[in-house]
Q: 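Before we start, here is the structure in question, set down as structure tokens.
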Amino acid sequence: MLQVNDVSKVYKVGTFGGTQLRAVNGVTFGVGAGEIVSLIGESGSGKSTIGRMILGLSRTTAGTITFEGRDVSTLRRSDLRAYYADVQGVFQDPFSSYNPIFKADRVLTLVKGFFPGIARGEWDAKVEEALQAVRLEPGAVLGKYPHQLSGGQLQRLLVARALLLDIKLLVADEIISMLDASTRIDVLNLLGDLKHRGLGVLFITHDLSLGNYISDRIVILRRGEIVELGATEKVFGDPQHAYTKMLISSVPQLHTKWGPPEATNGDR
Ligand code: ADP
Ligand code: MG
């Protein structure tokens, strides 16, 4: 579905843009339908840059990104619109995705344009269904301003928007870092549900223990380069690269998958 092919990104930095910063270097991986791939690396390793390039918000310096066979980097404005009906991003700071002077549910009405001629009742039913899927009470969020909602509610509203569009791929960049523990588990479980509906997810995180919980495959990024890539069990159970081993050894209880306490306590 999504294929990132030997992609690099060089930023021009310094006062006159005279210095080059290679943020991403020759990165190759893919995300399939119904697959959750975690992109894990320390702060500054290039994760968000990769996410932004996938979302067409930043250009690749080299390499190609294709979605269902189409090169994303060459999409024009009109094509991008169609692309965003399939691929959406949710970011670390959900507040940045909202305009504080508009009601939060505007993020939903803005995508109504994707359904030309839809009847009022049909639209309302779709919105309600999407809100139910992310376990948001319509009365608790509709008609509210962003500052009246919690970070978790705002993020779930963004996921609801993704559902309304019935997207195929979600790029989730550090979406749970700023949430409290119980909301975190809700959002992670939600991603698990969506996966079963066939959604592909690129789950970007700096926290190895979170990637372990939900992902099918893991990509370990270090200074813009992939040092390890493989099935979650393989990468965590039998890490090949010294860097991965180091990261794993610094995370307590990494081999314990989260889940119902009776299923994980004890023998693992
Ligand atoms: P991560 O998300 O893993 O923390 P980023 O992709 O945000 O990493 O950043 C990777 C590197 O690129 C960092 O050194 C960062 O300072 C640099 N960087 C990110 N965005 C820009 C930008 N717009 N201009 C210049 N440098 C940037
Ligand atoms: Mg980042």
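Computed from a predicted model, the values in this text were never measured in an experiment. One-based numbering, in listed order, for ligands and for the atoms of each.
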Q: Would you kindly say whether T244 and E228 are connected by a side-chain donor-acceptor distance under 3.5 Å?
A: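 Yes, side-chain donor-acceptor contact under 3.5 Å.
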
Q: Under the side-chain hydrogen bond (donor to acceptor under 3.5 Å, both in side chains) definition, can you give me all pairs with a residue in residues 108-121, not counting sequence neighbours?
A: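 Found R120-D124.
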
Q: Applying the side-chain contact (heavy atoms from CB on, under 4.5 Å) criterion to L221, which one of V27, I204, I40 satisfies it?
A: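 Among V27, I204, I40, the one that satisfies the side-chain contact (heavy atoms from CB on, under 4.5 Å) with L221 is V27.
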
Q: Tell me, which residues have any heavy atom less than 4.0 Å from some atom of ligand 1?
A: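 Contacting ligand 1 under 4.0 Å are Y11, V13, L21, A23, E42, S43, G44, S45, G46, K47, S48, T49.
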
Q: For Y243 and E42, test the side chains for any donor-to-acceptor distance below 3.5 angstrom and give the result as yes or no.
A: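 Short answer, yes.
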
Q: At a cut-off of 2.8 Å, list the protein N/O/S atoms near the Mg ion (ligand 2), residue plus atom name.
A: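 Those protein N, O or S atoms (cut-off: under 2.8 Å from the Mg ion (ligand 2)) are S48 OG.
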
Q: Could you tell me if Y11 and T49 have a donor-acceptor pair between their side chains, going purely by distance under 3.5 Å?
A: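 There is such a pair between these side chains.
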
Q: Main chain of G41, side chain of K47: is a donor-acceptor contact present, judged purely on distance under 3.5 Å?
A: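 Pair found, side chain donor or acceptor close to backbone of G41.
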
Q: Taking atom types as modelled, is there a side-chain donor on D71 or T64 under 3.5 Å from an acceptor on the other?
A: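 Side-chain D/A pair, D71 to T64: absent.
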
Q: Going hydrophobic residue to hydrophobic residue with side-chain gaps under 4.5 angstrom, can you get from F91 over to L170?
A: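 Shared cluster, no.
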
Q: What pairs of residues pass the ring pair (Phe, Tyr, Trp, His ring centres under 6.0 Å) test when at least one of them lies in residues 118-137, not counting sequence neighbours?
A: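 Residue pairs with at least one partner in residues 118-137: F115-W123.
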
